[in-house]
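Note that the coordinates shown come from a computational prediction; the quantities given were computed from them, not determined experimentally.
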Amino acid sequence: IASGRWVVASAVGGLHEVVEDGVNGTLVSDGDFAAAVVRVPDYDPASVAATAGRFGIDEHRRRMDEAWERLLSRARSPR
């Protein structure tokens, strides 16, 4: 996805959080991957790659900073 490639993946587990069906890939729930591959639409690689930004290191650091700030602010507040 980060390289702009459409993904065809099984509709299980955490893949639902990474693959947005119809946006950056196809989620297959019936096991018919061959049919899903045939139906891959024309897509803009830049648009697909843009969906991976939420998993980048900068976003990870930002979310970790927010989590630590929430945790530390609770530890500092009087009970």
Side-chain angles (χ1 to χ4, degrees):
I1 292 172
S3 64
R5 301 295 294 226
W6 194 265
V7 171
V8 175
S10 189
V12 298
L15 290 173
H16 290 278
E17 296 190 28
V18 177
V19 179
E20 298 176 59
D21 196 40
V23 175
N24 61 10
T26 302
L27 289 170
V28 178
S29 58
D30 64 2
D32 193 353
F33 290 94
V37 168
V38 170
R39 291 189 315 265
V40 169
D42 288 333
Y43 63 91
D44 175 24
S47 295
V48 171
T51 67
R54 61 193 168 117
F55 298 103
I57 191 69
D58 292 335
E59 181 64 14
H60 173 73
R61 286 181 179 146
R62 185 188 69 74
R63 289 181 181 195
M64 289 301 295
D65 287 346
E66 288 176 358
W68 278 109
E69 184 56 40
R70 281 192 310 272
L71 179 67
L72 292 172
S73 68
R74 281 189 224 146
R76 284 180 247 155
S77 65
R79 295 182 187 222

Legend entry - Separation between NE2 of His60 and CG of Asp65, rounded to the nearest 0.5 Å: 9.5 Å
Legend entry - Over all atoms of both residues, closest heavy-atom pair of Leu15 and Ser10: CD1-O, 3.1 Å
Legend entry - Distance-minimising heavy-atom pair for Trp6 and Val23: CZ3-O, 3.4 Å
Inset, instruction - Give the cluster check for Met64 versus Leu71: same hydrophobic cluster or not, with ILVMFWY residues linked at side-chain heavy-atom distances below 4.5 Å. - result: yes
Legend entry - CG-CD distance between Leu27 and Glu20, expressed to the nearest 0.5 angstrom: 9.5 Å
Inset, instruction - Taking all heavy atoms of Thr26 and all of Val19, pick out the closest pair and write down the distance. - result: N-CG1, 4.1 Å
Inset, instruction - Enter the distance from Arg54:CZ to Arg62:CZ here, rounded to the nearest 0.5 Å. - result: 12.5 Å
Legend entry - SB check Glu66 Arg63 (cutoff 4.0 Å): no
Inset, instruction - Could you tell me which non-hydrogen atom of Ala2 sits nearest to which non-hydrogen atom of Ala52, and how far apart they are? - result: CA-CB, 3.7 Å
Legend entry - Non-hydrogen atoms of Val40 and Val8 that approach each other most closely: CG2-CG2, 3.8 Å
Legend entry - Closest non-hydrogen atom pair, Asn24 against Val48: CB-CG1, 3.9 Å
